[in-house]
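The sequence lines fix the lettering, A, B, ..., with proteins before strands; numbering per chain opens at 1.
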Amino acid sequence: MDNPKITAPEPVRVRFAPSPTGYLHIGSARTALFNWLFAKKTKGKFILRIEDTDIKRHIENAIQLIINSLKWLGINWDEGPDIGGNYGPYRQSQRIEIYKEYAEKLIAQKKAYYCFCNQKKSEEKFNSKINIINDNYNNSSNIANITYENDITKINKIKNVGNCECIKLTKEQIKENKKKNLPYAIRFLTPKNYLISFNDLVYGKIKVNSDVLEDFIIIRSNGLPTYNFSVVLDDILMEITHVIRGEDHISNTPKQILIYNSFKKNLPKFAHLPMIIGEDGEKLSKRHGSISIEAYKEEGFLPEAINNYMALLGWSYDEKTTIFSTNDLINKFTLEKINKKPAKFDYNKLLWFNGHYIRNSKPKVLEKLIHDKFLSKIKDKENFIKKLPQLIPLIKPRIKTINEAEKFILPFFNDIDYTRIKNEFDTLDIKLYLNIIREAVLNIQSIKKEDFNPQNTEKYLRELSAKNNIHIKKIAETLRFAIWGSKVSPPLFETIALLGKDKTLDRLTKFEEFLKNIV
RNA sequence: GGCCCGUUCGUCUAGGGGUUAGGACAGCAGAUUUUCAAUCUGCCAGCAGGAGUUCGAUUCUCCUACGGGCUACCA
């Protein structure tokens, strides 16, 4: 039987629910993006909720880091810890009483029970108890007549994982334990031998027998809820209609469905996203290098490029389109086109996207990014600010990240250290270099300051080439060393023109001296 | 181990009972060029294996292999 209960009311309400254990990384960011796109596309609400129920893993400023990264990506939310909303609070640590209250309801209905065990390995605990507990069930003790929604149909196949021995505790024993202040957790009582099935919007129908699920903890002995309990409660209370999250949560979904059922609540629609994995094929983690959004921001990636790339990890639109502005994504996004195959994260492709977006960005935008990034590293700041707009077109096609602009910016405004390039030229060529420089100086000097533009510098240097029968390539090479300190530079004539007559001559002279000294 | 999920070029993917299996990144080659890029052109490269269904299977079914996830008082 198909799930009759997966009907979600309009309008759509989706959430991104990170746990604040560190930076926002690519995997989570992609989940956030897909939720956000879906909300935008359907004109629904996107909610940010912080799942901070694990004190041990909590990192204090992580919430702010996550918020910053999301904002930087352009992902905004309608309700969240920072802006509030009608379903708050939006930090689970501020909802502890709610979880307790609902857990007690389950206990009252005998759908959960207190557990006074120490925190030992569940394996040793469960294994030996199976028979006893099954007997317990068969003897129709006080827990045997628990009823569940009938949309989980009975099947008969798998060995029961079992209950905790604490299920046998009498009311009196529990009272006594509590009086003694013994710490206790609350376990969910998993129904026996039921087929739990749900229809995943991406993966299709998924079925699990409830007997593979042990009686899992829903409230820890420290009073905090566990993930599987708090997500469900919050998703119910916040009226989430679509749960869009990583595929690693498929295995958790059956437990969660049990909880929905125990509260007689309708299921949201589930859409699980294929994992993003590292080069080694494993779940993306810190081991895989810079995967945090923050790191990409620092490296000089553009948010549009990252969004575009992330969207294509597990989703596609048609057979040819690869470039999607964030707006395109909103317009074209559909859950139906999400695929099931885990995607390897490919840094190279991200780089290509970024290069594309840099090449296509407005000069002003690029100018600001480069200005902000490099101003502190520039000696001649005034000149930098003045010349930058003209520099942008030279740099644009040559960089894939903003940081890469460094090698086109610094040589322009800072002094050149010729000793660094000593090994790049053949000592046999030095005589020729000196020759060229001497001629070039004369040539350049003869250009009037007001005529000092790319066209003229090119004209004069080509004349020099023709007159002295030296190939223009050799001249360019020499001048590049002199004015740029490298064999590679932005287009030479433009660079010379931008550098200006004085600075060009100055560098030529300095290079000449340098060459003379090493002969 | 158990349960769940997956498998189309190296990578991201399109496709779907009959296709020269399409695109993009990377790689390679060429064009352009004052270098490096950018750009343009071309090339290389793929349906995990085995059964079954079928006139025909990469596509549907089953099995195997491989990979991943979960199996916590993590999320």
Side-chain angles (χ1 to χ4, degrees), chain A residues 17-21 28 51-54 56-57 92 115 117-123 158-159 161 183-187 200 202-204 206-209 211-214 216-228 230-231 245-255 272 274-275 277 279 281-283 309 312-323 337 339-353 355-356 359 394-400 404 407-408 458 461-462 465 471-477 479-480 484 486-493 495:
Chain A
S19 64
T21 55
S28 316
E51 310 222 324
D52 53 349
T53 57
D54 182 5
K56 285 179 223 121
R57 295 205 308 157
Q92 291 189 328
C115 172
C117 298
N118 299 327
Q119 297 178 215
K120 54 185 168 185
K121 270 263 167 72
S122 23
E123 278 173 41
I158 301 151
K159 188 170 76 173
V161 179
Y184 62 87
I186 298 177
R187 281 185 191 278
D200 192 277
V202 174
Y203 286 86
I206 292 170
K207 300 177 240 181
V208 178
N209 185 299
D211 283 356
V212 302
L213 271 23
E214 80 280 6
F216 51 95
I217 303 273
I218 55 176
I219 302 284
R220 301 173 173 103
S221 49
N222 65 6
L224 298 180
T226 55
Y227 166 73
N228 282 123
S230 53
V231 243
R245 67 210 330 178
E247 187 242 67
D248 48 341
H249 287 293
I250 285 186
S251 313
N252 289 320
T253 308
K255 288 180 186 171
H272 287 93
M275 303 301 282
I277 56 184
E279 291 291 325
E282 280 173 39
K283 200 175 170 179
Y309 176 65
L312 261 15
L313 251 24
W315 176 85
S316 61
Y317 177 66
D318 60 16
E319 51 184 44
K320 37 186 64 154
T321 320
T322 49
I323 298 299
K337 295 287 280 180
N339 67 24
K340 306 175 191 179
K341 191 189 153 192
K344 270 189 191 141
F345 179 76
D346 183 356
Y347 182 79
N348 245 328
K349 192 149 184 177
L350 209 211
L351 260 187
W352 177 82
F353 272 108
H356 173 89
R359 269 173 262 132
L394 302 189
I395 298 175
K396 222 180 188 183
R398 269 164 259 268
I399 56 172
K400 288 198 162 71
E404 283 176 21
K407 61 175 182 280
F408 297 109
E458 175 162 12
L461 289 173
R462 285 197 188 276
S465 164
H471 200 286
I472 189 72
K473 286 190 184 196
K474 209 65 200 175
I475 293 175
E477 183 185 317
L479 295 204
R480 232 173 239 120
W484 198 256
S486 163
K487 220 171 190 168
V488 176
S489 79
L492 186 65
F493 309 121
T495 306

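- Comparing the P positions of B:U8 and B:G27 gives an interatomic distance of 23 Å, to the nearest angstrom.
- Atom C1' of nucleotide B:A75 and atom OH of A:Tyr227 are separated by 6 Å, given to the nearest angstrom.
- Distances shorter than 4.0 Å separate none of the side-chain N or O atoms of A:Arg359 from OP1 or OP2 on B:A37.
- Between A:Glu458 and A:Trp315, it is A:Trp315 whose nearest contact on RNA chain B lies nearer the 5' terminus.
- For B:A48 and B:A57, the C1' atoms lie 16 Å apart once the distance is rounded to whole Å.
- Per the geometry, CG belonging to A:Leu350 stands 14 Å off P belonging to B:C12, to the nearest Å.
- As rounded to whole Å, 7 Å separates atom C1' of B:A37 from atom CZ of A:Phe408.
- Among the protein residues, A:His249 comes within range of the nucleic acid bases, having at least one heavy atom under 4.0 Å from a base atom.
- Closest non-hydrogen pair, A:Ser230 versus A:Pro225, comes out as CB-CG, 3.9 Å.
- Taking atom P in both B:G68 and B:C12, one finds a spacing of 14 Å when rounded to whole Å.
- Considering only side-chain N and O atoms, A:Lys340 lies under 4.0 angstrom from the phosphate OP1 or OP2 of B:G6.
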Would A:Glu477 and A:Arg480 satisfy salt bridge (charged side-chain N to carboxylate O under 4.0 Å, His left out), going step by step from the backbone distance to the final call? CA-CA 5 Å; A:Glu477 183 185 317; A:Arg480 232 173 239 120; over 6 Å; no
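- At the heavy-atom level, A:Gly314 lies under 4.0 Å from the strands shown only through sugar-phosphate atoms.
- OP1 or OP2 of B:C12 has at least one side-chain nitrogen or oxygen of A:Lys341 nearer than 4.0 Å.
- Among the heavy atoms of the strands lying under 4.0 Å from A:Pro490 is at least one base atom, whether or not backbone atoms are also near.
- Along RNA chain B, the nucleotide nearest A:Ser19 and the nucleotide nearest A:Pro397 are compared for position; the residue whose nucleotide lies closer to the 5' end is A:Pro397.
- A:Arg245 places its CZ atom 16 Å from the P atom of B:C5, with the value rounded to the nearest Å.
- B:U41 is paired with B:A29 under the criterion used here, namely a Watson-Crick or G-U wobble arrangement in which both key atom distances are under 3.5 Å.
- Nucleic acid contact for A:Asn339: sugar-phosphate only, since backbone atoms but no base atoms lie under 4.0 Å from a heavy atom of the residue.
- Inspection of the A:Thr21 and A:Arg57 side chains reveals no N or O donor paired with an N or O acceptor under 3.5 Å.
- Going from the P atom of B:A45 to that of B:U35 covers 32 Å, rounded to whole Å.
- B:C60 and B:G15 are spaced 16 Å apart, taking the C1' atom of each and rounding to whole Å.
- Residue-level contact check: A:Pro491 touches the bases, meaning some heavy atom is under 4.0 Å from a base atom.
- Between A:Ser489 and B:C36, a side-chain N or O to OP1/OP2 separation shorter than 4.0 Å is absent.
- Distance A:Met275 CE to B:A75 P: 16 Å, rounded to the nearest Å.
- Across all strands shown, B:A57 forms no Watson-Crick or G-U wobble pair with both distances under 3.5 Å.
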Please lay out, stage by stage, how A:Arg245 and A:Thr253 fare under the test side-chain contact (heavy atoms from CB on, under 4.5 Å). CA-CA 11 Å; A:Arg245 67 210 330 178; A:Thr253 308; 3.3 Å; yes
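- A donor and an acceptor atom never sit less than 3.5 Å apart when one is taken from the side chain of A:Ser251 and the other from the base of B:C3.
- One interatomic measurement links the two molecules: CZ of A:Arg57 to P of B:C73, which rounds to 14 Å at whole-angstrom precision.
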Step by step, would you call A:Thr226 with A:Thr53 a side-chain contact (heavy atoms from CB on, under 4.5 Å)? CA-CA 7 Å; A:Thr226 55; A:Thr53 57; over 6 Å; no
Below 3.5 Å is the cut-off: list the nitrogen or oxygen pairs between protein and nucleotides 42-47 of chain B, distance only.
none

Go through the steps for A:Arg187 and A:Ile218 under the test side-chain contact (heavy atoms from CB on, under 4.5 Å), then give the verdict. CA-CA 6 Å; A:Arg187 281 185 191 278; A:Ile218 55 176; over 6 Å; no
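- On the C1' atoms, B:A14 is 11 Å away from B:A24, given to the nearest whole Å.
- Note on A:Lys207: every side-chain N or O is 4.0 Å or more away from OP1 and OP2 of B:C4.
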Report the C-alpha separation of A:Arg462 and A:Glu458 in whole Å, then their side-chain angles, then the decisive distance to 0.1 Å, and conclude whether the salt bridge (charged side-chain N to carboxylate O under 4.0 Å, His left out) test is met. CA-CA 6 Å; A:Arg462 285 197 188 276; A:Glu458 175 162 12; 2.9 Å; yes
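- Atoms CD1 (A:Ile323) and C1' (B:C12) sit 13 Å apart, rounded to a whole Å.
- In this model, the phosphate group of B:A75 is approached by a side-chain N or O of A:Thr53 to a distance below 4.0 Å at OP1 or OP2.
- At a threshold of 4.0 angstrom between heavy atoms, the contacts of A:Leu492 include nucleobase atoms, whether or not backbone atoms are also involved.
- Backbone-only contact: A:Lys400 has heavy atoms under 4.0 Å from sugar-phosphate atoms and none from a base.
- At least one cation-pi condition fails for A:Lys349 and A:Tyr309: the charged atom is not both under 6.0 angstrom from the six-membered ring centre and inside a 45 degree cone around its axis.
- At the heavy-atom level, A:Phe353 lies nowhere under 4.0 Å from the strands shown.
- Listed pair A:Lys396 / B:A38 fails the phosphate criterion, with no side-chain N or O lying under 4.0 Å from OP1 or OP2.
- Across the strands present, B:G1 finds its partner in B:U71; the criterion is a Watson-Crick or G-U wobble pair with both atom distances under 3.5 angstrom.
- Taking only side-chain nitrogens and oxygens, A:Lys255 never comes nearer than 4.0 Å to OP1 or OP2 of B:A72.
- Base pairing of B:G6 is made with B:C66, judged by Watson-Crick or G-U wobble geometry with both donor-acceptor distances under 3.5 Å.
- If you take NZ of A:Lys349 and P of B:U11, they are 12 Å apart, rounded to a whole angstrom.
- With C1' as the reference atom, B:U61 and B:C3 are 23 Å apart, rounded to whole Å.
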